There are 2 protein chains.
Amino acid sequence: MTQKPSAKPRKTASTAAGARKAGRGPARTDMAGIAAVDGGADVEQRIYQSVFDGVLNQRLPPGTKLPEPALCSLFGVSRAVVRKVLQRLEHDRIVELRPNRGAVVAAPTPEETRKIFEARRALEAALVELAVQRHSGKDIEELHALLHQEEEAMANAYQPAWAQTARNFHLRVAALGGNPILLAYLTELISRCSLIVALYEPAGNAACEHEEHCDIVDAISKGDAKRAVAAMNAHLVGLEERICLERPSSVKTLAQMLNLA
Amino acid sequence: MTQKPSAKPRKTASTAAGARKAGRGPARTDMAGIAAVDGGADVEQRIYQSVFDGVLNQRLPPGTKLPEPALCSLFGVSRAVVRKVLQRLEHDRIVELRPNRGAVVAAPTPEETRKIFEARRALEAALVELAVQRHSGKDIEELHALLHQEEEAMANAYQPAWAQTARNFHLRVAALGGNPILLAYLTELISRCSLIVALYEPAGNAACEHEEHCDIVDAISKGDAKRAVAAMNAHLVGLEERICLERPSSVKTLAQMLNLA
DNA sequence: GATCATAAAATCGTCGACGATTTGAAGAAA
DNA sequence: TTTCTTCAAATCGTCGACGATTTTATGATC
């Protein structure tokens with residue numbers, strides 16, 4: 001019944017992961033359906049991704065408690081590994097770790113939201129400027145392919161899929177900048193933005209966003225740094241405004257405020 | 001003999017911290033004299049700071065192994081807490097954590113160095129621009145006070161103290177930007193830069209740097225965003241160039257390459 | 001003497017356990 | 001009924017231990 005650190009077939013899956021699936025229901029919003037398909041892949045990353053996806057898909061609203069024992073039995077690991085994942089989630093601002101009081105899903109305030117978008121504008125502006133300098137013809141082709149994917153996702157009208165493609169677009173543009181450090185920071189910020197967007201109800205203006213994405217690609221392909229930066233900034237400002245306007249205290253937000261306690 | 005999580009007087013200090021000070025000397029560079037004054041303060045932060053300072057002061061050259069058992073006995077804590085600190089140090093790129101092979105002090109490559117400075121230019125440019133918009137008269141006074149501290153540190157000609165004041169200056173300017181997120185990112189980058197500067201020998205051009213700092217403050221105080229950004233950029237480019245030029249394979253660097261293995 | 005195989009030591013990853021803190025509820029007093 | 005006290009359950013922080021991996025030392029072979 002011992003544990004092996006590497007990627008090998010382990011018996012822990014039969015021990016706990018399949019033990020309880022969705023049996024309990026203790027009144028408040030808890031985390032049912034977090035555990036994914038339970039493949040034999042890297043446990044640590046699987047836990048992280050499960051929580052992350054749960055937050056992004058509203059299954060884990062802000063303020064939801066994430067007790068270590070629950071995660072342990074859900075994923076069939078000891079508290080050591082759960083604890084490590086929680087620490088990483090805290091550093092990425094997905095959860096908040098209160099000393100002696102456990103982890104809860106982070107609840108960004110309006111003030112934080114503003115700062116996040118401000119930081120994102122600064123980073124993406126710098127990165128598109130670099131992208132204009134360093135992009136190649138093949139890069140533009142790939143961006144056009146991404147834009148095409150966006151159109152497909154829009155046609156399907158399935159919000160999570162659209163959000164995913166939009167995220168991909170921004171990350172790909174940023175990758176053209178060729179700076180892994182700035183890219184890592186931006187990845188973090190985009191995650192937090194996605195969290196916020198998911199929180200404040202999906203703003204359905206996909207068509208509008210897609211247009212702006214096209215603008216950005218066009219400016220990059222023409223080597224017009226000034227216009228590329230301006231387009232990116234306008235896009236992000238618009239995104240923030242749409243988010244801020246689209247939350248006149250909806251029903252779901254009220255419930256979230258309640259269990260925030 | 002149990003452990004208390006809060007800040008209380010504990011007997012561990014007598015158990016291990018005073019056990020070995022600088023007794024051993026196992027051939028290679030190891031970490032003698034890491035443990036600081038051993039105050040009763042927060043253990044976690046103390047370990048972090050000790051390693052950080054050790055790296056900054058060349059006592060822990062890149063590639064130095066940091067075995068968990070050694071740190072445990074040095075600070076009188078169990079591996080759990082040491083492990084947590086190491087994970088944080090890894091995230092801040094101070095150490096590298098190789099699976100099953102332990103932690104070593106990070107050794108930034110020239111390529112990484114370039115990217116770090118590029119990222120830092122992007123962040124500081126954005127932040128000074130914000131600083132120009134948001135600064136008040138009192139802020140300028142405080143900056144002038146910092147500049148005065150720099151002059152004193154220069155007069156003393158004690159490199160670590162000077163580096164500290166220079167770091168402070170940049171962080172204070174960044175703080176004027178009023179964006180905690182960007183400030184946190186920049187803090188991380190400045191730490192890495194300090195590490196690199198310490199690695200590639202202290203470049204003694206303090207007077208030159210100080211002049212440029214004064215330029216930046218002047219531009220901010222006059223509300224000239226364009227010039228402030230330009231001055232900051234020029235300052236950072238100069239800093240990078242001086243670093244890159246000042247390492248024609250010094251004796252110390254060669255030794256570092258050896259124990260890097 | 002150098003190279004390779006083997007064994008011992010050191011070190012890492014994970015686990016279960018213990019005490020301490022917090023949380024939640026039951027019961028007494030106003 | 002409301003509020004406060006007391007107590008039990010849940011949860012967190014830290015520790016020591018065990019197996020697995022890596023590293024180092026030892027000895028055999030060419």
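Only heavy atoms go into these numbers, but all of them, side chains included; no hydrogens, no water, no symmetry mates. Keep in mind the model is a prediction, meaning the values are calculated, not measured. Just so it is clear: chains get the letters A, B, ... in the order the sequence lines come, proteins before strands, and each one is counted from 1.
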Contact check, residues 78-92 of chain A vs DNA chain D, heavy-atom distance under 4.0 Å, returns Arg79(A), Arg83(A)

Residues two or more places apart in sequence or in another chain: which of them pass salt bridge (Lys or Arg N to Asp or Glu O under 4.0 Å) with [X]?
X: Glu112(B); answer: none
X: Glu68(B); answer: Arg79(B), Arg83(B)
X: Lys84(B); answer: Glu44(B)
X: Arg121(A); answer: Glu240(A)

Under 3.5 Å, which protein N or O atoms sit close to an N or O of nucleotides 6-8 of chain D? Give each pair with its distance.
none

For atom [atom1] of [X] and atom [atom2] of [N], their distance in whole Å:
X: Arg98(A); N: dT22(C); atom1: CZ; atom2: P; value: 12 Å
X: Asn100(B); N: dT11(C); atom1: CG; atom2: P; value: 14 Å
X: Leu71(A); N: dC15(C); atom1: CG; atom2: P; value: 14 Å
X: Leu66(A); N: dA10(D); atom1: CG; atom2: P; value: 18 Å
X: Glu68(A); N: dA9(D); atom1: CD; atom2: P; value: 21 Å

Side chain of Gln58(B), backbone of Ala198(B): donor and acceptor closer than 3.5 Å?
yes

My understanding is that only residues two or more places apart in sequence, or in another chain, count here; which of them pass side-chain contact (heavy atoms from CB on, under 4.5 Å) with [X]?
X: Leu56(A); answer: Phe52(A), Arg167(A), Ser194(A)
X: Ala122(B); answer: Ala126(A), Leu182(A)
X: Leu97(B); answer: Leu86(B), Glu90(B), Val95(B), Ala103(B)

Nearest of dT11(C), dT22(C), dG24(C) to any side-chain atom of Arg101(A)?
dT22(C)

